[in-house]
Protein chains: 2
Amino acid sequence: MEVILSRKEQIEQTATALFKNRGFSATSMRDLANQLGIEAASIYSHIKSKEEILQRVCFRMANEFFEAIDQADVRNASASERLQAAIIAHVKVLTKNTEASAVFLHEWRHLSEPHHAEFLALRNRYEVHFREIIREGIKAGEFKVPDEKFAVLTILSALNWIHTWYKPEGKMNAEEIATNLATMLLNGLKQT
Amino acid sequence: MEVILSRKEQIEQTATALFKNRGFSATSMRDLANQLGIEAASIYSHIKSKEEILQRVCFRMANEFFEAIDQADVRNASASERLQAAIIAHVKVLTKNTEASAVFLHEWRHLSEPHHAEFLALRNRYEVHFREIIREGIKAGEFKVPDEKFAVLTILSALNWIHTWYKPEGKMNAEEIATNLATMLLNGLKQT
DNA sequence: AAAATTTGCTAACGAACGTTAGGTTGTTTA
DNA sequence: TAAACAACCTAACGTTCGTTAGCAAATTTT
């Protein structure tokens, strides 16, 4: 299943790996060019600026995360089931592309305005989705939690370091990781 | 309780705030100087290099984390109690200085060798401490967890984003946050 | 009062940075 | 076959970077 990438996509992919490993600011266009085997100036035949790459990665991943939890959301289900589905969907996106996920999670702060503000608004909307499930679960007596925002941030935090250690060839596959995390975190919410 | 700081400590503190907010690479010595109200060159009367600041912050925090879990460790206690104590100790260090914690957690990768390798060794040793508690808990039947490394990383991940939202004047104080997180995470480990 | 230390300055260095201009080559389209 | 395009080059631009040299003033120590 060999996917053929356009030059622009190659550049984006290579840049993503560098942004993850060294950070956006510590990655120079000459580093990127070197990795691609061309001159730095040549990159500008395909992209407009260094930040354009960052923008494309950040907003593409934001879309992927939204689509994933939207598709996974099962209406008319209990809060526990809905939260489990959202967690699994989130983890699947994270593990499908750990490099782009790392950039999405850590490098967005180097976006300039108005992209920076737009990104934060999206991220907040994403968290609201989780917050609503938690609130529903509290009302239904499924969850016992001191603060819903606190709970959401803790859950997402626990999930969002997967990219630092996940390897597709590791002993746990994405599905197992997702369900293990989901049951562990759900148990944590049901404290008596 | 006004603490008088030496100029060197002032520089380190101001730099730490900038490193947290913009990242090490995106913070220039001229930014730092500007914040201090002096010229960039003047900073070099007090420090040897930009990286020296990063080194001091990273290794000072590493020490603080080690001391905290060492002091909190209660021998002859159950694994649950030991883990709870370690989590609370960890959270207290995190909340006592969120800026230095953020640098410790995210900016260490900009250390040059051999400091980079030394730092990673320390961090690994720290994780081993938690891993041993988890293993003890599994053997004693207190915890049911698929993989001890997995559990430790999940716990630390859940804790290590506190610095992004914690405010001393917020509605939860450090103690409450620590115990809430500890009970939530401990419950997660006791899944049936 | 002399010596030492602290704290800062101006000026400048060489290197690295993101990016642009203008040109060449090979491939695809009309 | 001509025109258009894709992909890359060399050369260079203006800027910013971390840092050094050398000096001046104030403060502290001896």
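Sequence lines set the chain letters: A, B, ... in the order given, protein chains first and strands last, and positions in each chain run from 1.
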Please list all pairs passing the salt bridge (Lys or Arg N to Asp or Glu O under 4.0 Å) test where one or both residues lie in residues 57-71 of chain B, with sequence neighbours left out.
->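 Listed once each, the pairs are B:Glu12-B:Arg60, B:Arg60-B:Glu64, B:Glu64-B:Lys96.
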Would you mind reading off the distance between [X] atom [atom1] and [N] atom [atom2], rounded to a whole angstrom?
X	N	atom1	atom2	answer
A:Lys50	C:dA16	NZ	C1'	12 Å
B:Glu9	C:dT6	CD	P	14 Å
B:Ile43	C:dT7	CD1	P	14 Å
B:Gln10	C:dT6	CD	P	15 Å
B:Asp31	D:dT16	CG	C1'	11 Å
A:Arg30	C:dT19	CZ	P	11 Å
A:Met29	C:dC17	CE	C1'	11 Å
A:Tyr44	C:dT19	OH	P	3 Å

So A:Ser80 and A:Glu142, side-chain hydrogen bond (donor to acceptor under 3.5 Å, both in side chains) or not? Walk me through it.
-> CA-CA 7 Å; A:Ser80 300; A:Glu142 292 179 65; 2.5 Å; yes
Going 5' to 3' through nucleotides 23-30 of chain D and flagging B where a protein heavy-atom sits under 4.0 Å of the base, S where only the sugar-phosphate is that close, and - otherwise, we get --------
Under the side chain to side chain donor-acceptor pair (under 3.5 Å) rule, what pairs show up with a residue in residues 103-112 of chain B, not counting sequence neighbours?
->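 Checked against side chain to side chain donor-acceptor pair (under 3.5 Å) - neighbours excluded - the pairs reaching residues 103-112 of chain B are A:Glu107-B:Arg109, A:Arg109-B:Glu107, B:Ser25-B:His110, B:Glu51-B:Ser112, B:His106-B:His163, B:Glu107-B:His110.
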Return the residues of residues 14-27 of chain A meeting this criterion: a heavy atom under 4.0 Å from some atom of DNA chain D. Order them by number, or give none.
->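 Contacts with DNA chain D under 4.0 Å: none.
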Of all residues at least two apart in sequence or in a different chain, which pass the side-chain contact (heavy atoms from CB on, under 4.5 Å) check with B:Arg125?
->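 In terms of side-chain contact (heavy atoms from CB on, under 4.5 Å), with neighbours along the sequence ignored, B:Arg125 is linked to B:Phe66, B:Leu122.
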List every contact pair, protein side and nucleotides 7-11 of chain D side both N or O, where the distance is under 3.5 Å.
unit_1	atom_1	unit_2	atom_2	d
D:dC8	OP1	A:Arg7	NE	3.2
D:dC8	OP1	A:Arg7	NH2	3.2
D:dC8	OP2	A:Arg7	NE	2.9
D:dC8	N4	A:Ser45	OG	3.4
D:dC9	OP2	A:Glu39	N	2.6
D:dC9	OP2	A:Ser42	OG	2.6

Is there a donor-acceptor pair under 3.5 Å between the side chain of A:Asn21 and the backbone N or O of A:Ala17?
->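 Checked: pair present.
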Sidechain-backbone polar pair: A:Glu81 side chain, A:Ser78 backbone, donor-acceptor under 3.5 Å =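 Here the side-chain-to-backbone pair exists.
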Flag yes if B:Val57 and B:Leu120 sit in one hydrophobic cluster, no otherwise; membership is Ile, Leu, Val, Met, Phe, Trp, Tyr, and two members link when side-chain heavy atoms are under 4.5 Å apart.
->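 Yes, it is one cluster - the side chains of B:Val57 and B:Leu120 are joined through contacts under 4.5 Å.
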Under the side-chain contact (heavy atoms from CB on, under 4.5 Å) rule, what do A:Gln84 and A:Ile88 come out as? Steps first, then yes or no, please.
-> CA-CA 6 Å; A:Gln84 167 145 0; A:Ile88 291 175; 3.9 Å; yes
side-chain contact (heavy atoms from CB on, under 4.5 Å) between B:Ile138 and B:Lys144, intermediate numbers included | CA-CA 6 Å; B:Ile138 293 174; B:Lys144 290 210 173 58; over 6 Å; no
Quick one: does NZ or CZ of A:Lys50 land under 6.0 Å from the six-membered ring centre of A:Phe24, within 45 degrees of the ring axis?
->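 Ring-cation test returns yes.
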Nearest heavy-atom pair of A:Phe104 and A:Cys58: which atoms, and what distance?
->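 Heavy atoms only, the tightest pair is CD1-O, 3.5 Å.
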